[in-house]
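Because only heavy atoms are used, hydrogens play no part in the values below, and waters and symmetry mates are left out as well, while side chains stay in. Counting convention: from 1, in listed order, for ligands and their atoms alike.
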Amino acid sequence: MAVPILGRTNFFSGAAGEIKVAVVGCGGRGTGAAVQALSSKQNVKIVALADAFNDRLENCYSALNGELAERGLKESEIKAKVDVPESRRFVGFDAYQKAMPFADVVILATPPGFRPMHFEEAVKLGKHVFMEKPVAVDPAGVKKVLDAAAIAKQKKLNVVVGLQRRYQTSYRELFKRKELIGDLISGQVWWNNPGVWMKKREPQQTEMEYQMRNWYYFNWLCGDHILEQHIHNIDVMNGFKGDFPVRAQGMGGRQVRTGKEYGEIYDHHYVEFMYADGTMMNSQCRHIPGTMTKVDELLVGAKGRIFCGEAAIRDNKGKELYRFDKKQDNAPFQNEHDELFAAIANGEHKFNNAEYGAKSTLTAVMGRMATYSGQVIDADKTLASGINIMPKEYSWTAMPPTVPNADGFYPIAMPGKTKYF
Ligand SMILES: NC(=O)c1ccc[n+]([C@@H]2O[C@H](COP(=O)([O-])OP(=O)(O)OC[C@H]3O[C@@H](n4cnc5c(N)ncnc54)[C@H](O)[C@@H]3O)[C@@H](O)[C@H]2O)c1
């Protein structure tokens with residue numbers, strides 16, 4: 001029985017021209033994005049897979065085949081949609097370079113540390129891109145993405161970044177009505193929840209393999225949760241403001257998630273971001289079980305407020321000015337792919353999300369640098385700093401940039417001692 005997981009029935013009804021896709025980073029999101037690409041109305045075909053690890057790649061291949069089988073496609077039809085023979089399945093740190101040439105569009109869904117080099121390669125090869133957020137983990141990576149974004153624009157490549165609130169109807173409807181609150185003067189943004197998965201160290205692993213498997217807890221791979229998750233909320237405020245903060249200062253630490261298995265990242269951050277016109281964004285993110293869960297944005301204007309999670313707008317006296325019926329909301333992950341693949345099929349150049357994706361990445365990186373150092377962090381100085389936290393060499397025996405001490409604990413940033421400038 002065909003179960004269209006994403007509720008779409010128009011699987012084959014696309015344009016005649018085939019759009020070939022390579023997936024780089026075949027984990028949860030890479031697999032999900034590939035399904036969404038296949039579920040767009042266009043004639044999409046997955047032609048190559050690339051992952052650092054063979055088991056992750058094979059799981060993705062099986063999941064894509066399984067998804068189409070569940071939708072009732074025959075074996076030959078599945079093969080036509082997921083046409084990835086062994087010769088187009090690539091494993092290792094250089095897998096991306098081998099997979100990309102086969103595609104028109106590349107899906108970039110590795111941990112974010114690799115995004116700048118993968119995006120740069122995709123643009124060099126003239127590919128359209130869907131890439132997950134964040135788009136880098138450090139200032140040097142942000143700069144690389146901004147430079148590649150400028151070239152992508154010249155080459156008229158469509159680039160969509162997985163900051164999906166920008167593709168969500170409720171947010172778009174609120175955005176259309178943002179003048180109801182007058183000038184935006186401040187905002188509160190939250191990503192507070194119990195936290196995410198952790199992968200235990202296996203005895204045979206090299207340090208590089210361990211960190212690659214347990215990537216969430218290492219900054220060169222993940223950038224800390226203020227970047228990896230909270231970027232969504234930060235980007236909402238940046239989007240409504242139409243600008244990006246020039247300064248950040250804040251505080252944070254690790255109070256609960258202190259074990260060596262949690263690498264080097266903090267479990268809470270609180271940051272004040274300031275825009276050039278003095279507008280403030282107060283940002284908090286926490287990964288601590290048993291505390292208040294809240295993932296939301298509140299935008300405060302001179303005349304009223306936008307409550308994003310509620311999808312409502314009220315004036316300063318509390319009178320409701322607008323409410324979007326959330327039952328009518330779309331599936332934004334799907335919409336990202338619907339809009340991207342439609343633009344490509346129609347030969348249009350519509351999306352250059354890499355620029356705002358990079359700038360919101362920089363905002364969150366500044367937040368991390370502010371909480372780690374306790375210093376005021378300036379955006380221009382940060383971008384110009386060239387700070388690069390990536391490894392010098394990529395191999396399973398190379399040493400990652402952060403290594404544990406004799407007891408297995410990693411160095412943790414310490415406000416007052418950690419310095420960037
Ligand atoms: N938009 C969203 O709401 C959303 C949701 C989930 C994840 N994401 C983003 O998607 C990205 C991936 O997250 P995930 O949850 O799928 O993680 P995951 O661990 O499930 O998948 C990552 C995959 O990338 C592979 N990989 C690592 N380094 C690689 C390299 N150099 N070359 C090729 N493959 C490599 C890993 O082996 C793994 O299979 C992250 O940036 C994350 O922030 C976005």
Side-chain angles (χ1 to χ4, degrees), residues 22-36 48-64 89-100 106-122 130-137 141 145 160-168 171 191 193 196-199 205 208-236 265 285 295 331-337 353 357 360-361 364 390-391 393-396 398 400:
V23 183
V24 178
C26 305
R29 195 74 270 286
T31 307
V35 169
Q36 282 136 13
L49 298 177
D51 199 281
F53 295 109
N54 191 51
D55 59 307
R56 302 301 307 263
L57 185 148
E58 290 300 329
N59 284 346
C60 172
Y61 182 70
S62 304
L64 295 178
R89 295 180 216 169
F90 303 100
V91 171
F93 286 104
D94 60 354
Y96 71 103
Q97 288 171 319
K98 296 176 180 162
M100 284 186 194
V106 295
I107 290 173
L108 306 181
T110 66
F114 295 106
R115 201 89 70 242
M117 77 171 90
H118 292 176
F119 180 55
E120 186 180 49
E121 177 80 1
F130 171 80
M131 63 176 163
E132 265 307 340
K133 45 43 70 174
V135 301
V137 293
V145 172
V160 167
V161 171
L163 289 160
Q164 68 272 9
R165 284 161 180 73
R166 294 198 188 230
Y167 289 80
Q168 187 165 345
Y171 281 87
W191 191 298
N193 74 3
V196 301
W197 52 265
M198 181 271 293
K199 301 271 166 32
Q205 286 173 331
M208 180 63 93
E209 178 170 356
Y210 168 63
Q211 293 194 16
M212 287 283 287
R213 293 279 188 189
N214 199 25
W215 64 262
Y216 208 91
Y217 300 98
F218 298 97
N219 282 324
W220 70 273
L221 286 158
C222 164
D224 204 320
H225 64 109
I226 188 173
L227 173 64
E228 200 276 338
Q229 286 186 318
H230 193 35
I231 186 174
H232 282 299
N233 320 102
I234 287 171
D235 180 63
V236 167
I265 71 172
C285 58
V295 177
F333 286 97
Q334 184 58 50
N335 192 34
E336 288 169 341
H337 292 270
N353 299 174
S360 283
T361 295
M390 296 301 288
E393 185 196 336
Y394 297 98
S395 81
W396 296 116

Side chain to side chain contact (heavy atoms under 4.5 Å, CB included) between Asn219 and Val137, intermediate numbers included: CA-CA 7 Å; Asn219 282 324; Val137 293; over 6 Å; no

Please determine whether side chain to side chain contact (heavy atoms under 4.5 Å, CB included) holds for the pair Glu336 and Arg166, giving the CA-CA distance in whole Å, both sets of side-chain angles, and the decisive distance to 0.1 Å. CA-CA 9 Å; Glu336 288 169 341; Arg166 294 198 188 230; over 6 Å; no

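Inclusion of Ala52 in the set of residues having an N or O under 3.5 Å from an N or O of ligand 1 is warranted. For ligand 1, one of its N or O atoms has an N or O atom of Gly28 under 3.5 Å away. Inclusion of Phe93 in the set of residues having an N or O under 3.5 Å from an N or O of ligand 1 is not warranted. Residue-to-ligand polar distances keep Trp197 apart from ligand 1: every N/O pair is separated by 3.5 Å or more.
The aromatic rings of Phe114 and Phe93 sit tilted, their planes meeting at an angle between 30° and 60°. Between Tyr216 and Trp197, the two ring planes are perpendicular [angle over 60°; tilted spans 30° to 60°].
Side-chain contact between Trp220 and Gln211 is present, with at least one heavy-atom pair separated by less than 4.5 Å. Looking only at side-chain heavy atoms (C-beta outward), Phe119 and Val135 stay at 4.5 Å or farther from each other. By the 4.5 Å heavy-atom criterion applied to side chains, Phe218 and Pro400 are not counted as neighbours. Side-chain contact check for Arg115 versus Lys133: every heavy-atom pair is 4.5 Å or farther apart.
Atom 11 (C) of ligand 1 has Thr110 O, 3.5 Å as its closest protein atom, hydrogens excluded (heavy atom only). The nearest heavy-atom contact from the protein to atom 21 (O) of ligand 1 is Gly27 CA, 3.2 Å. Here the heavy atom of the protein found nearest to atom 3 (O) of ligand 1 is Gln164 NE2, 3.1 Å. Among all protein heavy atoms, the one lying closest to atom 26 (N) of ligand 1 is Pro111 CD, 3.8 Å. The nearest heavy-atom contact from the protein to atom 43 (O) of ligand 1 is Glu228 OE2, 2.5 Å. Atom 13 (O) of ligand 1 has as its closest protein heavy atom Trp215 CZ2, 3.8 Å. When only non-hydrogen protein atoms are considered, atom 18 (P) of ligand 1 lies nearest to Arg56 NH2, 3.8 Å. Regarding atom 37 (O) of ligand 1, its nearest protein heavy-atom neighbour is Asp51 OD1, 2.6 Å.
In terms of heavy-atom proximity, Leu49 sits nearest to Tyr61 at CD1-CB, 3.9 Å.
Remark: distances from the non-hydrogen atoms of Pro134 to ligand 1 include one below 4.0 Å. The closest approach between any non-hydrogen atom of Pro112 and ligand 1 is below 4.0 Å.
With a 4.0 Å cut-off on non-hydrogen atoms, Tyr96 does not touch ligand 1 at all. Heavy atoms of Tyr394 found under 4.0 angstrom from ligand 1: none, in either backbone or side chain.
Between the side chain of Asn214 and the backbone N or O of Lys199 there is at least one donor-acceptor pair closer than 3.5 Å. No side-chain donor-acceptor contact under 3.5 Å links Asp51 to the backbone of Leu57. Side-chain atoms of Thr361 do not come within 3.5 Å of backbone N or O of Pro134 as any donor-acceptor pair.
We find that Arg165 and Asp235 are not joined by a salt bridge, their nearest charged nitrogen and carboxylate oxygen being 4.0 Å or further apart.
The heavy atom nearest to atom 44 (C) of ligand 1, out of those in Gln229, Glu132, Gln97, His118, is found in Glu132. Between atom 41 (O) of ligand 1 and the options Arg29, His232, Met117, Arg115, the minimum heavy-atom separation is to Arg115. Across Gly30, Ala109, Gly162, heavy-atom proximity to atom 22 (C) of ligand 1 is greatest for Ala109.
Here is the list of ligand 1 atoms found below 4.0 Å of a heavy atom in Phe333: 1 (N), 2 (C), 3 (O). The Met212 neighbourhood of ligand 1 comprises atoms 27 (C), 28 (N), with distances under 4.0 Å to a heavy atom of that residue.
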